[in-house]
Amino acid sequence: SSKYVLSHMHPMWQEPLAIPGGDRQSPIDIVVRKSLFDPHLKPLVPAYDPQTCQQIWNNGYSFLVEYDDTTDKSTLKGGPLEDQFRLCQFHFHWGESNAWGSEHTVDRKLFPAELHIVHWNAEKYDLFEEAVMEENGLAVIGVFLKIGKRHEGLQKLVDALPAVRHKDSMVDFERFNPACLLPSNINDYWTYHGSLTTPPLTEAVTWIVMKQHIEVSHDQLAVFRSLLFTSAEEEVQKGMVNNFRVQQPLRGRPIRSSFS
Ligand SMILES: COc1cc2c3c(ccc2cc1OS(N)(=O)=O)[C@@H]1CC[C@H](OS(N)(=O)=O)[C@@]1(C)C=C3
Ligand SMILES: [Zn+2]
């Protein structure tokens with residue numbers, strides 16, 4: 001509406017000068033020819049109960065679909081993971097244009113958006129906030145989005161977004177199974193040790209980045225861009241776009257692939 005001045009040059013948050021550890025930060029560029037096929041990587045086993053879906057929250061950085069993680073009803077195991085992890089939320093990163101928006105890249109190829117499904121190690125820790133501080137605490141599945149045909153499963157989420165337009169808004173959201181956002185082939189992925197890409201930026205993440213992307217329509221992604229970084233009270237409203245972190249040095253880390 002007219003009273004909102006839209007601008008997107010919004011420093012989501014200041015990149016800290018010194019980072020805890022600092023040599024296992026994310027996101028990174030995945031150089032395919034330097035990844036190592038690891039035949040011991042197992043198939044990934046996501047097992048999500050849509051009844052654990054609770055709400056959507058605009059946290060002023062992205063919108064998060066949050067799940068009840070007080071039981072083992074929605075879990076992820078297998079792949080590179082030693083333990084069983086619990087689903088806690090998923091969110092996206094996207095650009096102001098379809099030319100960029102993803103956090104990871106593949107041989108420098110940018111995608112218009114990237115989905116992150118966040119899980120924490122419930123075998124070793126009691127809470128997400130604890131696991132966030134531990135090296136084997138988190139597992140995040142990354143899925144690239146491309147512009148193409150409309151994603152039917154995503155539409156239920158897109159229709160709910162206007163209700164969380166402003167920062168700190170939240171709306172109930174039920175029975176959404178994030179498995180519908182996974183590509184048909186989840187056995188081809190790259191995996192490496194990295195960090196959260198927003199504060200606290202802790203190096204707690206086993207990243208599992210899918211080789212196969214999913215397609216969403218231009219109109220669906222346009223609704224992501226209608227969200228705001230700012231709360232309703234703020235005078236100047238800022239469009240929620242370009243909420244991705246700059247890429248970080250690999251520092252010699254191995255990137256393993258589950259496929260040859
Ligand atoms: C440390 O306590 C909280 C961290 C939260 C985070 C996030 C969201 C909510 C957090 C809530 C935290 O405290 S809590 N659990 O007490 O509410 C970020 C979303 C983007 C980022 O994920 S990414 N891109 O690295 O895969 C997240 C999960 C990083 C931290
Ligand atoms: Zn993320």
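Note: hydrogens, waters and symmetry copies are ignored here, and every other heavy atom, side chains too, is used. Note that ligands are numbered from 1 as they come in the structure, with each ligand's atoms numbered from 1 the same way.
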(request) For atom 3 (C) of ligand 1, state which one of Y61, F128, F92 supplies the nearest heavy atom. (result) F128
(request) Look only at the side chain of R225 and the backbone of G95, and say whether a donor-acceptor pair between them is shorter than 3.5 Å. (result) yes
(request) Heavy-atom contacts with L196 under 4.0 Å: which atoms of ligand 1 show up? List them by number with element. (result) 25 (O), 29 (C), 30 (C)
(request) Could you see which bit of F244 sits under 4.0 Å from ligand 1, with heavy atoms only: side chain, backbone, both or neither? (result) neither
(request) Pick one of side chain, backbone, both or neither for how L64 approaches ligand 1, counting any non-hydrogen atom pair under 4.0 Å. (result) side chain
(request) Give the numbers and elements of all ligand 1 atoms closer than 4.0 Å to a heavy atom of W207. (result) 26 (O)
(message) Is atom 17 (O) of ligand 1 near the protein, in the sense that some protein heavy atom lies at less than 4.0 Å from it?
(response) no
(request) Compute the centroid of each ring, for W207 and then for H116, and state whether the two points are separated by less than 6.0 Å. (result) yes
(request) Do me a favour and list the nearest non-hydrogen protein atom to atom 14 (S) of ligand 1 with residue, atom name and distance? (result) E129 OE2, 3.4 Å
(message) Minimum distance, heavy atoms only, to atom 23 (S) of ligand 1: which one of Q89, H91, E66, R245 is it?
(response) H91
(message) Main chain of S217, side chain of Q220: is a donor-acceptor contact present, judged purely on distance under 3.5 Å?
(response) yes
(message) I'd like to know if P199 contacts ligand 1, where contact means a heavy-atom distance under 4.0 Å to any ligand atom.
(response) yes
(request) Look at the side chain of S258 and the backbone N and O of N187, then say whether any donor-acceptor pair between them is shorter than 3.5 Å. (result) yes
(request) Would you confirm whether the ring centroid of F63 sits within less than 6.0 angstrom of the ring centroid of W94? (result) yes
(message) Under 4.0 Å from a heavy atom of H93: which atoms of ligand 1 are those, numbered in the order shown and with their elements?
(response) 24 (N)
(request) Report yes if the distance between the aromatic ring centroids of F176 and F90 is under 6.0 Å, otherwise no. (result) yes
(request) Write the atom name of the N, O or S atom in H116 that is nearest the Zn ion (ligand 2). (result) ND1
(message) Quick test: of every protein heavy atom, which one is nearest to atom 27 (C) of ligand 1, and how far off is it to 0.1 Å?
(response) T198 OG1, 3.6 Å
(message) Counting non-hydrogen protein atoms only, what is the nearest one to atom 1 (C) of ligand 1? Give residue, atom name and distance.
(response) V132 CG1, 4.0 Å
(message) Looking only at the aromatic ring of each residue, does the gap between the centers of Y67 and H119 stay below 6.0 angstrom?
(response) no
(request) Mark yes or no: K211 above the aromatic ring of F259, with NZ or CZ under 6.0 Å from the six-membered ring centre and no more than 45 degrees from the axis. (result) yes
(message) Distance alone, cut at 3.5 Å: any donor-acceptor contact between the side chains of Y48 and T75?
(response) no
(request) Could you find the nearest protein heavy atom to atom 24 (N) of ligand 1 and give me its residue, atom name and distance? (result) T197 OG1, 2.7 Å
